[in-house]
Amino acid sequence: MENRRIIFMGTPKIASVVLKTMLENDIHVGLVVTQPDKKKGRKQQLVYSEVKEVALEYDIPVFQPVKIKSDYQTILDFAPDLIVTCAYGQIVPKEVLNLPRYGCVNLHGSLLPKYRGGAPIQRAIWNGDTVSGMSLMKMAPKMDAGPVLAQKEIEILPTDNSTTLFDKMGVCASELLLSHFEEICSGHAVYVEQDESQVVFSPVLSKEEEHIDLNQDDEHILNQIRAFANAPGAYVLLKGKKFKILKASYLNEQNEFGLLVKIGKNKLGIGLHLGTLVIETCQMEGKPVMDCASFFNGQGRNLVGNIVE
């Protein structure tokens with residue numbers, strides 16, 4: 001394969017799948033750009049991004065600017081022919097966008113122009129969409145507004161949550177890039193401008209949105225739980241503590257609205273407007289994740305009858 005100078009920019013697992021696929025298919029990446037290491041856990045240990053882990057595995061130099069808007073000289077010095085990005089996490093400055101002769105291409109987890117922004121996968125699930133997909137686009141200074149080269153659809157199954165859909169998206173993004181890689185590098189790729197009248201935005205999920213508002217319609221609550229699972233998890237408040245619901249089902253049977261009730265032999269549910277939210281997997285604040293039956297047989301039994309906030 002022609003010796004091209006390629007930079008890959010990305011941070012989370014979905015991006016690491018794309019990077020690894022490129023490397024396994026003999027696409028040489030000379031520099032990886034990813035977010036700075038983060039401190040996690042009680043011991044505040046530095047943790048690498050999934051993309052950095054792959055880069056180190058393949059002995060690829062890594063650049064981790066805190067603010068790429070002002071710190072991009074390393075990229076200019078590398079003089080790339082092509083930059084590929086996927087879920088990098090910062091706005092790339094125009095000085096970088098204008099640099100490569102084959103341009104900067106981005107893999108975005110939606111069928112643009114729908115769901116521009118930082119949480120397209122989660123928003124699609126929360127909104128109850130049954131179809132999503134991946135877009136391969138040319139990057140532009142305005143977020144996710146560049147012209148699109150190709151798209152590939154993905155079915156969102158009722159059993160999908162954001163974790164499973166991210167996994168599907170990683171595979172989809174890899175396949176989409178591979179199928180159009182030589183076209184991009186030939187300089188003959190045809191990009192189509194997005195229809196601005198059809199734009200839908202998908203801002204990054206906020207901490208406040210993790211809290212389940214029981215005043216939503218029943219289906220929207222189920223979708224919210226799917227959208228936030230398996231992390232960070234959507235929650236209600238029980239006796240002032242966060243009670244995360246990571247997996248749930250629906251019982252078409254009414255119980256008192258907002259009350260934690262016993263379902264069957266050893267399960268718990270929450271009364272909604274038209275039916276009951278049946279809890280399958282949960283996590284009380286400060287406790288491990290467990291199936292609902294195990295939780296009920298522990299402290300959950302004593303919480304039946306409490307108002308859920």
Side-chain angles (χ1 to χ4, degrees), residues 10-15 34-51 66-69 86-91 108-110 114-129 132 143-144 156 160-167 169 200-248 258 260 268 270 272 277 279-290 292 295 303 306-309:
T11 299
K13 181 181 177 182
I14 185 174
T34 190
Q35 293 278 55
D37 304 337
K38 290 186 176 181
K39 292 182 179 180
K40 288 187 178 181
R42 292 181 178 179
K43 295 183 179 179
Q44 290 291 283
Q45 292 181 320
L46 280 178
V47 177
Y48 298 160
S49 73
E50 286 90 341
V51 163
V66 175
K67 292 184 179 180
I68 197 170
K69 184 178 180 180
C86 179
Y88 169 55
Q90 294 190 50
I91 300 295
H108 181 77
S110 78
K114 192 173 186 181
Y115 298 135
R116 290 182 184 175
I121 294 171
Q122 298 96 323
R123 298 286 180 191
I125 294 175
W126 197 351
N127 289 338
D129 293 2
S132 186
M143 180 181 286
D144 302 325
I156 304 177
D160 276 325
N161 59 24
S162 64
T163 299
T164 62
L165 191 54
F166 264 106
D167 288 343
M169 286 285 192
V200 176
F201 291 102
S202 58
V204 173
L205 298 171
S206 66
K207 288 285 186 182
E208 291 74 20
E209 288 178 300
E210 295 172 20
H211 185 213
I212 300 170
D213 180 1
L214 296 182
N215 290 310
Q216 302 174 82
D217 64 55
D218 295 6
E219 184 179 2
H220 207 50
I221 290 172
L222 281 163
N223 290 339
Q224 180 182 4
I225 291 167
R226 293 167 58 214
F228 281 82
N230 292 324
Y235 70 88
V236 293
L237 292 175
L238 271 175
K239 288 193 169 182
K241 290 188 175 182
K242 289 183 179 181
F243 180 62
K244 291 185 180 182
I245 303 173
L246 304 177
K247 185 178 180 182
L260 189 71
L268 294 168
I270 300 172
L272 303 181
L277 181 74
I279 301 164
E280 305 286 348
T281 306
C282 59
Q283 183 181 23
M284 180 60 85
E285 186 175 336
K287 302 294 182 180
V289 174
M290 60 181 66
C292 189
F295 178 74
L303 293 170
N306 275 270
I307 296 294
V308 175
E309 299 177 282

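Values below: every heavy atom of this structure, side chains too, minus hydrogens, waters and symmetry copies.
Under the 4.5 Å side-chain criterion, counting only non-hydrogen atoms from C-beta, Phe228 is not in contact with Lys244. Asn223 places none of its side-chain heavy atoms less than 4.5 Å from the side chain of Asn127. Asp129 is listed as a side-chain neighbour of Lys114, based on a closest heavy-atom distance under 4.5 Å. Side-chain contact between Ile279 and Leu260: present, with at least one pair of heavy atoms (C-beta onward) separated by less than 4.5 Å. Between Met169 and Ser132 the shortest side-chain heavy-atom distance falls below 4.5 Å. Counting only heavy atoms from C-beta outward, the side chains of Phe243 and Lys287 never approach each other to under 4.5 Å. Considering only heavy atoms from C-beta on, Pro203 comes within 4.5 Å of Arg123 through its side chain. Side-chain contact between Gln122 and Ser162: present, with at least one pair of heavy atoms (C-beta onward) separated by less than 4.5 Å.
Rounding to the nearest 0.5 Å places CG of Asn161 at 10.5 Å from CZ of Phe166. Atoms CE and CG, on Met284 and Leu238 in that order, are 5.0 Å from each other to the nearest 0.5 Å.
A salt bridge is defined here as a Lys NZ or Arg NE, NH1 or NH2 lying under 4.0 Å from an Asp or Glu carboxylate O, and Lys13 with Asp167 meets this definition.
At distances below 3.5 Å, at least one donor-acceptor pair connects side-chain atoms of His108 with backbone N or O atoms of Tyr115. Remark: side-chain polar atoms of Gln90 are paired, donor with acceptor, to backbone N or O of Ile68 under 3.5 angstrom.
Under the salt bridge (charged side-chain N to carboxylate O under 4.0 Å, His left out) criterion, no residue pair touches residues 221-240, with sequence neighbours excluded.
Applying the 6.0 Å contact sphere to CD of Glu285 captures more than 12 heavy atoms from other residues, nucleotides or ligands.
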Q.
Checking Leu46 against Lys38 for the side-chain contact (heavy atoms from CB on, under 4.5 Å) test, could you report, in this order, the C-alpha distance in whole Å, the side-chain angles of both residues, the deciding distance, and whether it holds?
A. CA-CA 5 Å; Leu46 280 178; Lys38 290 186 176 181; over 6 Å; no

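Taking each heavy atom of Thr34 and Ser49 in turn, the nearest pair found is OG1-OG, 2.8 Å.
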